[in-house]
Amino acid sequence: MKNKTNATSAEKLTGIELTKIPTSAVGAKAIKSALVNINKEVGFVKGIKLLKNLNQKYGFDCPGCAWPDPDAKRAFLAEYCENGAKAVAEEATKNKVSPLFFATHSVQELSKLSDYEIGKSGRITQPMFLPEGKDNYEEISWKSAFELIGKELNNLNTPDEAIFYTSGRTSNEAAFLYQLFVRQFGTNNLPDCSNMCHESSGAALTETLGIGKGSVTLDDFNYADLVIVIGQNPGTNHPRMLSALSETKKNGGKIITINPLPEVGLLNFKDPQNPLKWIGKGQDLTDLFLQVKINGDVALLKIILKLMKLEEMANPGAVFNHDFIKNKTAGLEEMLLDLDNFSIEELLPQTGLSLEIIQEATEMIINNDKIIFCWAMGLTQHKNSVDNIRELVNILLLKGSIGKKGAGTCPVRGHSNVQGDRTMGIWEKMPDSFLDKLDKEFNFSSPRKHGLDVVNSIKAMHQKKAKVFFGLGGNFISATPDTTYTAEALKNCNLTVHVSTKLNRSHLITGKKALILPCLGRSEKDYQSSGEQFISVENSMGVVHKSQGHLNPHSKDLLSEPAIIAGLANATLKNSTVNWTELISNYDKIRAQIAKIIPGFEKYNQKIRQNGGFYLPNNARNNNFSPTKTGKANFTLNKPSEIKLNEHQFIMMTIRSHDQYNTTIYGLDDRYRGVLNERRIIFMNRKDMEKSNFKSLDLVDLSSHFNTEKRMAKGFLVVPYNIPEKCTATYFPEANVLVPIKSVAHTSNTPASKTVIITIEKR
Ligand SMILES: Nc1nc2c(c(=O)[nH]1)N[C@H]1C(S)=C(S)[C@@H](COP(=O)(O)OP(=O)(O)OC[C@H]3O[C@@H](n4cnc5c(=O)[nH]c(N)nc54)[C@H](O)[C@@H]3O)O[C@H]1N2
Ligand SMILES: Nc1nc2c(c(=O)[nH]1)N[C@H]1C(S)=C(S)[C@@H](COP(=O)(O)OP(=O)(O)OC[C@H]3O[C@@H](n4cnc5c(=O)[nH]c(N)nc54)[C@H](O)[C@@H]3O)O[C@H]1N2
Ligand SMILES: [Mo]
């Protein structure tokens with residue numbers, strides 16, 4: 001039966017309409033879109049109540065992105081964005097997936113639906129079990145579910161045969177308990193969504209600056225002279241960031257945007273918090289737009305470095321911050337020398353840009369001191385993504401543009417608590433310093449052998465070296481690369497388990513047996529034996545704050561994530577040194593343990609009750625780089641892209657539309673790119689279309705090429721778009737089937753899902 005399940009979204013087309021691309025982002029249309037969505041999913045009255053509590057100090061943290069909230073004043077009904085409102089609506093939806101739903105819909109039947117249709121089925125109300133050989137999920141009690149998992153885990157030859165995945169919505173409290181359980185069970189197999197997301201940023205920043213997190217705070221945007229937004233689409237994915245950029249501009253700062261696409265939000269913005277500005281032209285945000293080719297960033301940044309070096313040689317002291325370089329950094333000479341190995345003539349074609357516009361950008365960098373670099377997946381999901389980020393750090397270091405107000409690094413995080421989960425120990429290779437403290441506090445020996453990340457977990461399941469998969473949130477089959485290969489890997493498992501709020505494809509591509517454990521969402525009240533609880537999360541800028549839901553739970557049978565982990569631990573661990581039931585009776589008890597182990601969390605229970613939360617320590621922010629290997633901030637040597645395309649090949653990036661949250665599809669429109677009611681599309685340059693003899697909306701099949709391997713995704717419509725030649729774009733997750741499992745970034749092992757080499761054939 002399960003061999004016939006569909007691992008990818010249905011191929012059917014939904015009726016595309018191409019519209020004019022809007023000239024500005026947010027404004028009245030965004031507000032309307034948010035309200036229509038809320039009304040449809042939850043109803044108007046409950047919807048407005050929800051929005052009122054979103055991102056307020058007494059309310060709950062938006063389950064959308066990790067962009068921070070203002071430290072001081074928060075506008076009533078306004079600290080959310082269109083897509084945050086949609087994220088909330090998605091969780092609070094009226095639709096329910098009950099045992100009756102599962103009894104009347106087989107797994108195979110459900111797998112034939114599109115990701116959009118699967119998600120819209122609604123919230124799961126009861127724990128569900130898919131026995132071996134059966135076609136339908138059946139109701140199961142929590143007790144039996146925990147016992148079943150405990151039995152399977154204890155039957156393994158070694159704890160390393162189990163995989164424990166986390167998606168970044170999990171709270172600090174749940175994450176801490178989870179990693180403690182997994183290590184008491186005996187493995188470090190703790191892959192997380194970060195492995196596919198900002199892992200490259202963490203690797204590059206730890207090496208160069210001694211901290212894997214960004215250095216800036218929200219306030220720095222008020223003081224910056226220059227903000228460079230590279231490889232990121234905030235208009236869709238971090239809309240509230242546009243308000244921060246707007247502040248930079250009001251204070252006289254400038255903005256450079258580096259992206260293969262002219263993303264609407266970055267170019268022009270209408271402030272949603274100022275209704276007077278909803279009509280009219282809006283504010284131009286970008287001062288200089290560099291329409292770089294996909295993966296041309298190292299080449300571009302290297303040209304900028306070479307131009308900076310030339311100017312400094314002609315005019316000593318005019319460009320470099322010599323005091324900073326001398327006192328704070330290591331490796332300048334090698335970096336400057338290495339630049340001679342690359343010529344501008346060779347680098348320029350990789351960027352697709354004119355030298356003049358790069359010179360203009362370089363002048364803006366030279367003439368300003370307080371520079372912030374913001375980036376996201378456009379830099380982190382390439383083979384040389386770690387080089388991308390190290391190279392931008394080189395520029396900041398030459399300028400001494402870090403560790404001072406208005407300057408520094410800003411990797412813009414995705415999931416709302418992905419950064420906090422790492423801080424809590426969700427990582428397959430946590431340092432011994434953390435493990436030593438854990439062992440001492442809980443009186444056990446945690447394993448020291450590094451565990452498996454996402455890509456290596458998939459390979460291990462494929463090779464039948466791992467046999468139980470447990471996912472705390474997320475949608476593993478759809479988020480990971482190489483869908484067909486990953487589906488085979490999951491089907492090899494004895495048991496797959498998902499702790500989820502909503503139905504997704506990972507519930508349908510299963511091991512021999514499967515469980516769905518339904519949990520409370522952010523917006524819901526969480527009662528434990530001592531009374532009502534709150535949880536806490538860390539945003540993109542290292543602020544830890546509380547989050548408390550206000551809605552009644554969707555079903556009386558939901559458990560909180562901490563309660564699920566405690567149930568699991570009680571059923572699995574014999575003679576555990578942890579009293580799990582006691583810890584979850586009152587989350588203050590979990591926080592008291594965190595306070596003893598993790599630096600920066602001293603007096604956690606007291607500090608979390610302060611208005612707005614508290615900042616974690618950040619060495620780079622304080623101009624201290626002592627945690628690096630040299631004890632100083634490190635210049636590095638980096639390599640441009642090695643991708644060479646033949647005449648028929650294109651490079652493809654897999655990106656998000658305006659109407660999705662990762663694998664959760666809110667709707668079928670990509671309003672800011674002028675595409676309505678269709679997701680199976682490929683954006684192409686008109687000249688490339690002419691050369692290939694394609695017309696607008698031609699139906700094509702896509703093949704990716706890696707070494708000698710070929711992968712196919714069928715049935716996409718060609719959409720002419722303003723994108724550099726030889727570059728194309730499709731949506732994630734529909735195109736993940738084309739991303740080869742072995743095509744990963746060096747050092748971070750992140751799938752290179754923004755550089756897939758493809759050919760395109762007309763039907
Ligand atoms: N509404 C909404 N919000 C979200 C999410 C969501 O799906 N929906 N996802 C969340 C998560 S987990 C994350 S990680 C973030 C993702 O946020 P983003 O990184 O903004 O998301 P992507 O759509 O992957 O966009 C990548 C951007 O990089 C550009 N790009 C691609 N390749 C290159 C390149 O080689 N060089 C340069 N310079 N640019 C390139 C693309 O054109 C696009 O603008 O958003 C978070 N917030
Ligand atoms: N090709 C390609 N692949 C990519 C990317 C890309 O740009 N291109 N981006 C990558 C990135 S940046 C990321 S972060 C990953 C995302 O990977 P994941 O985090 O695994 O995927 P999501 O789609 O965010 O997970 C959505 C599911 O989480 C569950 N969920 C929602 N809220 C909660 C909650 O509060 N608790 C629990 N337990 N479950 C909840 C719901 O059931 C929902 O279906 O995908 C990666 N994959
Ligand atoms: Mo992400």
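Computed from a predicted model, the values in this text were never measured in an experiment. We count residues from 1, following the sequence as given.
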Walk me through it: do R679 and D670 pass the test salt bridge (charged side-chain N to carboxylate O under 4.0 Å, His left out)?
CA-CA 8 Å; R679 291 183 54 81; D670 195 357; over 6 Å; no
Side chains of residues 223-235: which donor-acceptor partners sit under 3.5 Å, not counting sequence neighbours?
{"from": "D225", "atom 1": "OD2", "to": "D369", "atom 2": "N", "distance (Å)": "3.2"}
{"from": "D225", "atom 1": "OD2", "to": "K370", "atom 2": "N", "distance (Å)": "3.0"}
{"from": "Q232", "atom 1": "NE2", "to": "H238", "atom 2": "ND1", "distance (Å)": "3.2"}

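- Ring geometry for W67 against F221 counts as perpendicular: the plane angle is over 60°, on a 0 to 90° scale with 30° as the lower cut.
- Not counting sequence neighbours, the partners of D698 by the side-chain hydrogen bond (donor to acceptor under 3.5 Å, both in side chains) test are K762.
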Checking L379 against L392 for the side chain to side chain contact (heavy atoms under 4.5 Å, CB included) test, could you report, in this order, the C-alpha distance in whole Å, the side-chain angles of both residues, the deciding distance, and whether it holds?
CA-CA 10 Å; L379 288 198; L392 69 83; 3.6 Å; yes
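- For N677 (side chain) and I16 (main-chain N/O), no donor-acceptor pair under 3.5 Å exists by modelled atom type.
- Side-chain atoms of S703 never come within 3.5 Å of backbone atoms of T759 as a donor-acceptor pair (strictly under, hydrogens ignored).
- Rounding to the nearest 0.5 Å places OG1 of T208 at 7.5 Å from CD1 of I402.
- Contact check for L336 versus F320: side-chain heavy atoms found under the 4.5 Å cut-off.
- Residues N195 and P751 come closest through the heavy atom pair O-CD, 4.0 Å.
- Annotation: side chain of M377 is in contact with side chain of H198 (closest heavy-atom distance under 4.5 Å).
- A salt bridge does not link K249 with D284: every distance from a Lys NZ or Arg NE/NH1/NH2 to an Asp or Glu carboxylate oxygen is 4.0 Å or more.
- One N or O on the side chain of N685 and one on the backbone of K687 form a donor-acceptor pair closer than 3.5 Å.
- Side-chain N or O atoms of E678 include none that pairs as donor or acceptor with a backbone N or O of L717 at under 3.5 Å.
- Side-chain N or O atoms of N327 include one that pairs as donor or acceptor with a backbone N or O of D323 at under 3.5 Å.
- Every salt bridge (charged side-chain N to carboxylate O under 4.0 Å, His left out) that R390 has, sequence neighbours left out, goes to E207, D387.
- In this structure K302 satisfies the side-chain hydrogen bond (donor to acceptor under 3.5 Å, both in side chains) test together with E391, sequence neighbours excluded.
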Between L307 and I344, is a side chain to side chain contact (heavy atoms under 4.5 Å, CB included) present by the stated rule, with each step listed?
CA-CA 9 Å; L307 295 174; I344 292 185; 4.0 Å; yes
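- Side chain of K399 to main chain of I366: a donor-acceptor pair is present (N/O by atom type, distance under 3.5 Å, no hydrogens or angles).
- The only member of L18, V718, I681 that meets side-chain contact (heavy atoms from CB on, under 4.5 Å) when paired with L697 is L18.
- Between V216 and C410, the closest heavy-atom pair is CG2-CB, 3.6 Å.
- In the model, N295 has a side-chain atom that pairs as donor or acceptor with a side-chain atom of N384 under 3.5 Å.
- Using modelled atom types, no side-chain atom of T654 and backbone atom of F732 make a donor-acceptor pair closer than 3.5 Å.
- Residues forming a salt bridge (charged side-chain N to carboxylate O under 4.0 Å, His left out) with K404 (at least two apart in sequence, or on another chain): none.
- Residues T728 and D688 form no side-chain contact, since every pair of their non-hydrogen atoms from C-beta on lies 4.5 Å or further apart.
- Contact of the L637 side chain with the M335 side chain is registered, since non-hydrogen atoms from C-beta on lie closer than 4.5 Å.
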Stepwise, does the side chain to side chain contact (heavy atoms under 4.5 Å, CB included) test hold for S743 with V756?
CA-CA 8 Å; S743 176; V756 186; over 6 Å; no
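- Under the 3.5 Å distance criterion, the side-chain polar atoms of S696 are left unmatched by any main-chain donor or acceptor of P720.
- R673 and E263 are joined by a salt bridge, as a carboxylate oxygen and a charged side-chain nitrogen come within less than 4.0 angstrom of each other.
- Residues passing the side chain to side chain contact (heavy atoms under 4.5 Å, CB included) test with V543, sequence neighbours excluded: N539, Y615.
- The heavy-atom pair separating A713 from L738 by the smallest distance is N-CD2, 3.6 Å.
- Checked by atom type and distance alone, the side chain of T206 pairs as donor or acceptor with a backbone atom of G202 at under 3.5 Å.
- Residues satisfying the ring-ring contact (aromatic ring centres under 6.0 Å, His included) criterion with Y721, sequence neighbours excluded, are F683.
- Closest approach of A361 and L290 over heavy atoms only: CB-CD1, 4.0 Å.
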Please test V737 against R711 for side chain to side chain contact (heavy atoms under 4.5 Å, CB included), starting from the C-alpha separation and ending with a verdict.
CA-CA 7 Å; V737 65; R711 292 167 175 78; 5.7 Å; no
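- Applying the side-chain hydrogen bond (donor to acceptor under 3.5 Å, both in side chains) test to W375 and every residue at least two apart in sequence or in another chain returns S201.
- Of the possible polar contacts, none joining the S748 side chain to the A203 backbone as a donor-acceptor pair under 3.5 Å is found.
- Side chains of F373 and I389 form no contact here, defined as non-hydrogen atoms less than 4.5 Å apart.
- Annotation: side chain of S641 is not in contact with side chain of H382 (no heavy-atom distance under 4.5 Å).
- Within a 6.0 Å sphere centred on NZ of K328, other residues, nucleotides and ligands contribute more than 12 heavy atoms.
- In this structure, Q649 has no side-chain hydrogen bond (donor to acceptor under 3.5 Å, both in side chains) partners at least two apart in sequence or on a different chain.
- When all heavy atoms of L205 and G212 are compared, the closest pair comes out as CD1-O, 3.8 Å.
- Using a 4.5 Å cut-off on side-chain heavy atoms (C-beta onward), I723 and M653 make contact.
- Residues N638 and T636 bring a donor and an acceptor atom of their side chains to less than 3.5 Å of each other.
- For the pair S215/L209, no side-chain contact is recorded, criterion being any heavy-atom separation below 4.5 Å from C-beta on.
- With sequence neighbours excluded, the residues satisfying salt bridge (charged side-chain N to carboxylate O under 4.0 Å, His left out) with K309 are D340.
- Among pairs with a residue in residues 343-362, none fulfils ring-ring contact (aromatic ring centres under 6.0 Å, His included), at least two apart in sequence or across chains.
- A search for salt bridge (charged side-chain N to carboxylate O under 4.0 Å, His left out) contacts involving E312 returns nothing, not counting sequence neighbours.
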